[in-house]
Amino acid sequence: MIEIEKIYGIINEGDIEKLKNELKNYHPVDIAELLDELLPEQCITLFGALEFDDAVQVLEEIDTDKRYFILTNIDPDYASKLISEMSSDILADFLGELKNGERKKILSLMKEEDKKELKNLLAYDEDTAGGRMTTDYIAFPQHLKAKDVLDRLAEIAPDAETIYYLYVIDSQGKLVGVISLRDLILAPEDAPIKEFMKTDVKKINVSAPQEEAAQMIQKYGLLALPVVDDNDVLLGIVTVDDAMTVTEEETTEDILKFSGSDIDKTINFEEISPWSRAKRRLPWILVAIAGEIISGRVINNFSEALQTIVALSFFIPVLMDMGGNVGTQSAAIVIRGLATGTLTTASMIKNILREAVIGAILGLINGLVVAAVTYVWQGEILLGVTVGIAMAINLTIAAALGTFMPLFWHKMGRDPAVASGPFVTTLLDVLGLFIYFSTAAKILKL
């Protein structure tokens with residue numbers, strides 16, 4: 001844990017050597033967080049006291065604005081060296097988030113070979129595997145021997161994102177195999193690497209969605225996933241930390257959509273104006289209003305029943321809320337399953353039926369409970385039966401509908417999170433009321 005007050009004191013003293021020694025005790029991630037607590041001039045002082053390798057790691061951890069500020073306020077030659085050592089995927093994302101003028105200023109600090117590499121990365125859509133990959137990987141021709149690979153590895157390893165996987169390519173650059181560092185160390189020195197490489201390589205096309213890359217890394221427990229073009233030429237790798245970032249971004253995005261508060265993940269939440277936030281939520285609020293108006297019409301159509309048995313109105317909130325809760329739970333489970341790749345639309349009917357059974361079980365249990373409460377409270381057996389049956393039917397339909405909607409939209413190629421939340425809840429409100437009053441009309445002879 002960084003002692004912030006102690007760091008403040010050292011910076012104010014102007015003792016750079018003491019600051020350098022103190023910063024050696026802290027992890028770059030903690031130092032990156034500390035920069036958010038400092039004034040601009042203090043940030044430059046602290047950053048200047050970091051060792052080179054630590055400075056690179058800190059740059060990769062801080063946000064875009066802070067990174068730009070530091071790189072444009074330190075010695076240009078030093079900034080150029082730092083940029084050269086940054087991970088290519090982080091650097092590409094950084095440039096993609098800058099305004100044109102800012103991007104040109106950072107590009108002016110870069111070496112020509114680095115510019116060319118980044119130009120290729122920026123050509124890919126940011127939401128694809130190509131947009132998320134890094135080109136800092138290790139690959140060797142398949143004819144090399146284990147000893148030769150080990151000798152070269154010592155030279156190129158410091159610049160690689162990971163050295164646990166060594167990729168094997170043919171003369172055309174096509175991915176033909178992969179070797180773990182462990183297998184390389186244990187292999188006979190004179191053995192060509194093609195003799196002990198694994199040819200069943202998990203890989204992903206450069207244009208595939210980044211979510212698919214994250215799912216594959218999670219499914220197969222990989223530290224990195226190679227990215228290839230349509231001809232199987234190796235272009236880069238997506239690392240496990242990138243996959244974690246993708247999962248976090250997509251989870252956040254789905255939660256916002258699920259709640260009807262869809263916000264572009266590329267936009268800083270704190271920078272969005274109240275009007276912009278309200279405008280993004282407005283369509284879903286209007287959907288909810290339309291649904292509630294329809295619910296009002298349903299109640300109006302059964303006004304005579306309500307006048308006959310006023311107690312029917314007591315249980316409307318319970319039925320509507322319970323249906324909404326179960327439907328939302330089912331939708332959330334399905335959306336998460338689709339996002340993580342553990343659920344597919346191939347077994348759509350099976351998933352809907354399974355959730356419907358779960359809803360029926362919940363409905364029967366809750367129906368019995370609410371029927372008993374109704375009888376004790378109102379002393380009317382038929383009223384209790386009405387409420388209990390309506391509850392059972394309502395929760396069964398809620399679970400089935402909450403499962404169906406995300407699966408349906410996913411199969412249609414649309415984002416399933418958008419079809420959930422307010423939309424499903426509002427639809428269930430209308431259906432729940434109709435089921436309740438229809439059941440009452442049949443049982444109570446209204």
Side-chain angles (χ1 to χ4, degrees), residues 1-115 117-119 121-122 126 132 134-136 158-159 161 239 241-242 245 248-249 266-271:
M1 186 68 179
I2 290 184
E3 299 179 48
I4 298 178
E5 295 301 326
K6 185 177 182 180
I7 297 295
Y8 283 160
I10 298 174
I11 292 176
N12 291 333
E13 291 173 8
D15 191 336
I16 302 301
E17 286 302 318
K18 186 176 180 181
L19 182 59
K20 287 181 179 180
N21 291 330
E22 183 65 25
L23 292 176
K24 290 178 182 178
N25 301 320
Y26 303 120
H27 193 281
V29 173
D30 294 324
I31 296 173
E33 291 179 355
L34 174 62
L35 288 175
D36 290 332
E37 307 295 327
L38 301 178
L39 296 174
E41 60 272 16
Q42 292 175 323
C43 288
I44 298 300
T45 300
L46 184 143
F47 190 82
L50 293 171
E51 294 185 354
F52 183 79
D53 290 342
D54 289 338
V56 173
Q57 291 186 59
V58 169
L59 269 181
E60 292 182 341
E61 292 294 334
I62 57 182
D63 62 40
T64 298
D65 292 338
K66 187 75 71 176
R67 186 182 296 146
Y68 177 79
F69 172 77
I70 289 176
L71 287 173
T72 54
N73 283 276
I74 60 177
D75 180 72
D77 291 336
Y78 185 56
S80 179
K81 292 178 182 178
L82 290 169
I83 291 173
S84 295
E85 294 301 318
M86 289 178 63
S87 297
S88 57
D89 54 335
I90 293 178
L91 195 51
D93 290 342
F94 171 49
L95 288 174
E97 293 170 0
L98 295 176
K99 298 176 182 177
N100 287 334
E102 296 173 336
R103 187 181 300 115
K104 289 179 180 178
K105 195 165 185 178
I106 295 298
L107 287 171
S108 69
L109 299 171
M110 297 174 60
K111 300 175 182 177
E112 287 302 319
E113 57 267 29
D114 294 331
K115 290 181 184 179
E117 181 180 323
L118 279 175
K119 184 178 179 181
L121 285 176
L122 290 171
E126 64 176 352
R132 184 63 67 172
T134 176
T135 54
D136 300 327
D159 296 325
E161 186 83 7
T239 58
D241 56 325
D242 292 324
T245 300
E248 181 182 357
E249 289 176 354
T266 63
I267 301 174
N268 187 331
F269 182 79
E270 295 299 328
E271 295 177 356

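Please read all numbers here as calculations on a predicted model, not as lab measurements.
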Ignoring hydrogens, what is the shortest heavy-atom contact between [X] and [Y]? Give both atom names and the distance.
| X | Y | answer |
| --- | --- | --- |
| A49 | L23 | CB-CD1, 4.0 Å |
| N25 | N21 | ND2-O, 3.7 Å |
| L71 | I74 | O-CG1, 3.9 Å |
| L50 | I31 | CD2-CD1, 3.7 Å |
| Y68 | L98 | CD1-CD2, 4.1 Å |
| G96 | R103 | O-NH2, 3.9 Å |

- Can you tell if the side chain of L19 reaches within under 4.5 Å of the side chain of T45, non-hydrogen atoms only? yes

- Quick one: does F94's side chain get under 4.5 Å of I106's, heavy atoms only? yes

Donor-acceptor list for residues 75-82 side chains, cut-off 3.5 Å, not counting sequence neighbours:
residue: D75; atom: OD2; partner: D77; partner atom: N; Å: 3.2
residue: D75; atom: OD2; partner: Y78; partner atom: N; Å: 3.1
residue: S80; atom: OG; partner: L109; partner atom: O; Å: 2.8

- Query: Just wondering, more than 12 heavy atoms not from K115 lying within 6.0 Å of its NZ?
  - Reply: yes

Apply side-chain contact (heavy atoms from CB on, under 4.5 Å) to [X] and list each qualifying residue two or more places apart in sequence or on a separate chain.
| X | value |
| --- | --- |
| F69 | P40, I44, N73 |
| T135 | S88, E117, L121 |
| K104 | none |

About how many Å separate [atom2] of [Y] and [atom1] of [X], when rounded to the nearest 0.5 Å?
| X | Y | atom1 | atom2 | result |
| --- | --- | --- | --- | --- |
| I83 | L91 | CD1 | CG | 6.5 Å |
| E61 | H27 | CD | NE2 | 8.0 Å |
| R67 | E97 | CZ | CD | 7.5 Å |
| N12 | I7 | CG | CD1 | 11.0 Å |
| D89 | D93 | CG | CG | 6.5 Å |
| K66 | L38 | NZ | CG | 7.5 Å |

Side-chain donor-acceptor pairs of residues 51-60 under 3.5 Å, sequence neighbours excluded:
residue: E60; atom: OE2; partner: S87; partner atom: N; Å: 2.7
residue: E60; atom: OE2; partner: S87; partner atom: OG; Å: 3.2

- Task: Among I62, D65, L46, find the residue that satisfies the side chain to side chain contact (heavy atoms under 4.5 Å, CB included) test when tested with I70.
- Result: I62

- With no hydrogens and no angle check, is any side-chain donor or acceptor of K105 less than 3.5 Å from a backbone partner on T72? no

- Item | Contacts of type salt bridge (Lys or Arg N to Asp or Glu O under 4.0 Å), residue E17, not counting sequence neighbours | K20

